[in-house]
Structure formats: C-alpha cells, structure tokens
Amino acid sequence: MRVLVTGGAGYIGSHTLVELLGQAHEVQVIDNFDNSSPEVLSRVRKLTNGDMSFAEGDVRDDGFLRSVFEDFQPDQVVHFAGLKAVGESMEKPLEYYDVNVRGTMAILRAMDSVGCRKIVFSSSATVYGEPVYLPYDEDHPVAPESVYGRTKMIAEHIIGDWAQANGGTAVLLRYFNPVGAHSSATIGEHPQGVPNNLMPFVAQVASGKRERLSIFGDDYDTPDGTGRRDYIHVVDLACAHVAAVNYAHGNTGTRHFNVGTGQSYSVREMVAAFEKASGREIPCVVTPRRKGDIAEMKADASRAKHEMGWEAKLGLADMAASTWEWQSNNPDGYEK
Ligand code: NAD
Ligand code: WQD
C-alpha cells in the first residue's frame, strides 16, 4: 500500500517506518524536524535498504500538503506529527491546539483533495484521565486533565466526524507508555534538554549524564508506593501500526484501540530492571508527587488482539536492555 507518514522522523514514527518498509509498503514521509533530525531518516534507510520519499514541511501548511498528496496519491495516512509534552502544553495551549488540532484538520483536507479515506492516528491513553476502573478499556470515560490530552481528544472527535461524513476509516490508537529502542541500537528516543519521561531520564542517569533520578512520590496506593504504568516497547508499538494499516484496508468507520501490554510496572521496578540491564547503579531520591500524576494506568488491550490481530511480544527486560544499548551507543543521540 501507499502510506503517507507524518512525523516519520520522530521516536515512534521512525520505528514504524522500519516495520512498514519491512512489509514492502511504499512510504512517503513528512516532517518539519521540529523535534527530530534528518539523521534519523538516513539511519532508517540504512537499516531497511528501503526506498522511501521524504518532504520537509509543516502539517499546517495546506499548500505544501496538497502538492505532496497530489504527487504521492496515498491509500492511507499514518499521522504521528504533533507536540507531546504535557507540562509545555499547559504553558503554550494555543501552540498545542494549533499543531495537534489544526494540523490534523489540514491533513484531513489534504486527504479529501486526493480522495484518500483512511487514517491511522496517534492518540494517547492520557485521554482517559483519572481511572474510574482499571484496566482502562476503550469504553472508559474520556476526561483528559491536560491541554495536550484535550488536543488528542478533540482530534479524535474531528477525525471520527470526518470518517462518518465520507464513509472513511479512522483507526485511533491510544498508546500507553512507549519505551525502548530498535534492536540495532541505531534509532531510539532522544529528548531535547532534560527528559520529562522516566525511561530516558533513567538512561541518562545510568550513563552518567545526570546525577540521580527523582522518584515523584512513594506514597501512592500501590504495592511499593510508586506510580505504575503500562510500558510498551516501541517496536511492538510500531508493529501495531502495521496491523492498523491492514485493519484500515479492510474496514470502514471509526474504531479506537488501546495499545499497551495489559501489565503495569512501578517506578522502582523499572529502575531495578534498568540496573540489571545496564549493570550500573541508578541513584534515586524520593521527591514530592508530580502534579497531575496518578497512581496507576493499565490497558485492557484485548480489542487490538481480537480485531487487529496484534499483541505486544516484548517484555520489561527487552525494554530496559534496548534503551541501554541505544543510550550507551548514542550518548548524544543523533548528533555525531
Ligand atoms: P516525536 O516528537 O519524537 O515525533 C513527532 C514528530 O513530528 C517529530 O519528528 C517532529 O519533528 C514532527 N512534527 C512536530 N510538529 C510538526 C509539524 N507541525 N509539522 C510536521 N512535523 C511535525 O514524538 P513521538 O514520541 O514519536 O510521538 C508521535 C506521536 O505519538 C505524537 O502525536 C504524540 O503525541 C503521540 N504519542 C506519543 C506518546 C509518547 O509517550 N511518546 C504517547 C502517546 C501518544
Ligand atoms: C512514568 C512514571 C512518574 C519521571 C507521559 C504523558 C502521557 C504519554 C506518556 C504522550 C510516573 C514517574 C517520571 C521522573 C518519576 N505521552 N517519574 N521520575 O506521566 O505516565 O505519561 O508520557 O501521550 O501523555 O503524560 O510518563 O514517563 O513521565 O512517568 O518518578 O523523573 O514515572 O511519576 O509514575 P507518564 P512518565
């Protein structure tokens, strides 16, 4: 199939390119390198020997999109491009609505201009908010607590309305906590500045870049008191996109899917796994809870298994080992 991937140079997008090219899909990437670098794409090319096209530009630029869509004539779009920092979204709400909501609308308009009717969208488990019950299934009420989460919820609604109006297909993937890196250790996650997320921070402590990990609260109602999350290996997540593209090919209408493992781990369990994988000690200090954090998040991922034939295969040891391999081989990320 001809698949147009927005945000393909990003962390999840780059791993998905490898899997799509591995399945012989024809791929066109769009990215403006706001949070990535061209080096990512040359590494993906080396990894896959894959032939993919690339156009540098912004997903909010209607003229740019129209010309790329007219040239490529995609069968489907996988839409990753967006801003993703929860804290920053509270300080720059208009920027987040602009990129994540207006950018999504521009993509849908570009799809309309060439009669493309199928989209796979990067949503987030953060749309669920405070759990009413766990694990979250796709029918759990949606009540995001951040601007970022609201941009994802609104984009989900817009995409669903668009699919409803034109007989299209919307596959809305709600990712849990992506971690890990490709087994080649040539692509992975490289946050700019101080990492917000646990795994990249732990990796930088192990490599000596940061002194210690702050554990944000150990007084949660969990067995060891620290927060629990459903971490999903990025390669499993990339494979979920291949499954989603296949699902979209054979279905119409809107469908939401949780993309997680169904298993949660605590901060202390993640640290222990990382110490084992790296052979390094991770100094930790307990600090107050981070605002907006909740005790536990965990997916019921059975819908993805039954309807898309996808389930996670890689466990905690793979997540920790691949993160460490990536970090130790690329201490400065994509900067050579
Ligand atoms: P990322 O920042 O690594 O990748 C996003 C890519 O989009 C980057 O290459 C960036 O340069 C590009 N981009 C940003 N704004 C753009 C614009 N206006 N025009 C064109 N390109 C633009 O993030 P990621 O972790 O790979 O996340 C991908 C998607 O998945 C995002 O939509 C994110 O919100 C969503 N998501 C991520 C997580 C996570 O924890 N990583 C969890 C749930 C959902
Ligand atoms: C995980 C656990 C922290 C850092 C975020 C977004 C979510 C999604 C994934 C995009 C929590 C604890 C963390 C640290 C810590 N992204 N922690 N010390 O908050 O579950 O989810 O990323 O859609 O929207 O909110 O992930 O990795 O930040 O935190 O103790 O330095 O690690 O309190 O329990 P989170 P995270």
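Computed from a prediction, not measured in an experiment: that's the story for all the values here. In listed order, ligands and their atoms are each counted from 1.
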Where is the nearest protein heavy atom to atom 3 (O) of ligand 1: which residue, which atom, and how far? Tyr11 N, 2.8 Å
Indicate, as side chain, backbone, both or neither, the part of Ser123 found under 4.0 angstrom from ligand 1 when only non-hydrogen atoms are considered. backbone
Starting from the C-alpha separation in whole Å, work towards a yes-or-no answer on side-chain hydrogen bond (donor to acceptor under 3.5 Å, both in side chains) for Thr261 and Tyr231. CA-CA 7 Å; Thr261 66; Tyr231 296 95; over 6 Å; no
Quick one: nearest non-hydrogen protein atom to atom 19 (N) of ligand 1, plus distance? Val59 N, 3.0 Å
Polar atom proximity, Phe80 to ligand 1 (N or O, under 3.5 Å): yes
Show me which atoms of ligand 1 lie under 4.0 Å from any heavy atom of Ser122. 29 (C), 30 (O), 32 (O), 35 (C)
Mark the output for Ala9 as yes if a heavy-atom distance to ligand 1 is under 4.0 Å, and as no if none is. yes
Among side-chain atoms of Arg60 and Asn32, is any donor-acceptor pair under 3.5 angstrom? no
Name the closest protein heavy atom to atom 10 (C) of ligand 1, giving the residue it belongs to and the distance to 0.1 Å. Asp31 OD1, 3.4 Å
I'd like to know whether ligand 1 has Gly8 as a neighbour, heavy-atom separation below 4.0 Å. no
Nitrogen or oxygen atoms of Ser124 and ligand 1 under 3.5 Å apart: no
Please write down residue, atom name and distance for the protein heavy atom closest to atom 14 (C) of ligand 1. Gly82 O, 3.6 Å
Would you mind finding which of Tyr148, Phe64, Phe121 brings a heavy atom closest to atom 34 (O) of ligand 1? Tyr148
Under 3.5 Å between any N/O of Pro178 and any N/O of ligand 1: does that happen in this structure? no
Among Asp236, Asp230, Ile232, exactly one meets side-chain contact (heavy atoms from CB on, under 4.5 Å) together with Val259. Which residue is that? Ile232
What are the atoms of ligand 1, with element, lying closer than 4.0 Å to any heavy atom of Gly7? 6 (C), 7 (O)
Will you find, in the side chains of Asn251 and Thr169, an N or O donor that is under 3.5 Å from an N or O acceptor? no
Could you label the plane-to-plane angle of the Phe54 and Phe33 rings as parallel, tilted or perpendicular, counting under 30° as parallel and over 60° as perpendicular? tilted
I need the atoms of ligand 1 closer than 4.0 Å to a non-hydrogen atom of Gly57, numbered in the order shown. 19 (N), 20 (C)
With backbone taken as N, CA, C and O and side chain as the heavy atoms from C-beta onward, which portion of Asn32 lies under 4.0 Å from ligand 1: side chain, backbone, both, or neither? both
Atoms of ligand 1 under 4.0 Å from any heavy atom of Val99, numbered from 1 in the order shown, are 15 (N), 18 (N)
Side chains of Trp162 and Asp112: any donor to acceptor distance under 3.5 Å? yes
Can you check whether Tyr247 and Phe257 have ring centres sitting under 6.0 Å from each other? yes
Just say parallel, tilted or perpendicular for the rings of Phe176 and Tyr136, cut-offs at 30° and 60°. tilted
Within the structure provided, determine whether Leu173 and Met308 are in side-chain contact (heavy-atom separation under 4.5 Å). yes
Classify the side-chain pair Thr104/His79 by whether it contains a donor and acceptor separated by less than 3.5 Å. yes
The criterion is ring pair (Phe, Tyr, Trp, His ring centres under 6.0 Å); which residues satisfy it with Tyr96, sequence neighbours excluded? none
Who gets closest to atom 24 (P) of ligand 1 by heavy atom: Glu189, His79, Arg60, Lys84? Lys84
Give a yes/no on ligand 1: does Lys152 have at least one heavy atom closer than 4.0 angstrom to it? yes
Quick one: sort the His182 and His15 rings into parallel, tilted or perpendicular, breaks at 30° and 60°. tilted
Sub-6.0 Å ring centroid separation between His241 and Phe121: no
Residue pair Tyr220 / Arg228, side-chain donor-acceptor N/O under 3.5 Å: no
Would you say Tyr175 and ligand 1 have an N/O pair spaced under 3.5 Å apart? no
Do you see a donor-acceptor pair shorter than 3.5 Å between the side chains of Ser184 and Thr186? yes
Can you tell me which residue and heavy atom of the protein come closest to atom 26 (O) of ligand 1, and the distance to 0.1 Å? Ile12 N, 2.8 Å
For the residue pair Asn258 and Tyr128, confirm or rule out a side-chain donor-acceptor distance under 3.5 Å. yes
Checking heavy atoms under 4.0 Å, the part of Phe33 that sits near ligand 1 is backbone
His190 ring center near Tyr11 ring center (under 6.0 Å): no
For atom 18 (N) of ligand 1, what's the nearest protein heavy atom and its distance? Asp58 OD1, 3.1 Å
Any idea which protein heavy atom is nearest atom 2 (O) of ligand 1, and the distance to it? Asn35 ND2, 2.6 Å
Could you tell me the residue and atom name of the protein heavy atom closest to atom 4 (O) of ligand 1, and the distance to it rounded to 0.1 Å? Gly10 CA, 3.3 Å
Check the side chains of Asp224 and Ser266 for a donor-acceptor pair under 3.5 angstrom, ignoring hydrogens and angles. yes
Ligand 2 N/O to protein N/O, distances under 3.5 Å:
from: ligand 2; atom 1: 18 (N); to: Ser214; atom 2: O; distance (Å): 2.8
from: ligand 2; atom 1: 19 (O); to: Arg290; atom 2: NH2; distance (Å): 2.8
from: ligand 2; atom 1: 20 (O); to: Asn177; atom 2: ND2; distance (Å): 3.0
from: ligand 2; atom 1: 20 (O); to: Arg229; atom 2: NE; distance (Å): 2.5
from: ligand 2; atom 1: 22 (O); to: Asn197; atom 2: ND2; distance (Å): 3.1
from: ligand 2; atom 1: 23 (O); to: Ser124; atom 2: OG; distance (Å): 2.9
from: ligand 2; atom 1: 23 (O); to: Tyr148; atom 2: OH; distance (Å): 2.6
from: ligand 2; atom 1: 26 (O); to: Asn177; atom 2: ND2; distance (Å): 3.1
from: ligand 2; atom 1: 27 (O); to: Asn197; atom 2: ND2; distance (Å): 3.3
from: ligand 2; atom 1: 27 (O); to: Leu198; atom 2: N; distance (Å): 2.8
from: ligand 2; atom 1: 28 (O); to: Asn196; atom 2: O; distance (Å): 3.4
from: ligand 2; atom 1: 28 (O); to: Asn197; atom 2: ND2; distance (Å): 3.1
from: ligand 2; atom 1: 28 (O); to: Arg290; atom 2: NH1; distance (Å): 3.4
from: ligand 2; atom 1: 28 (O); to: Arg290; atom 2: NH2; distance (Å): 2.8
from: ligand 2; atom 1: 29 (O); to: Arg290; atom 2: NH2; distance (Å): 3.4
from: ligand 2; atom 1: 30 (O); to: Ser214; atom 2: O; distance (Å): 3.4
from: ligand 2; atom 1: 30 (O); to: Phe216; atom 2: N; distance (Å): 2.9
from: ligand 2; atom 1: 33 (O); to: Asp293; atom 2: OD2; distance (Å): 2.6

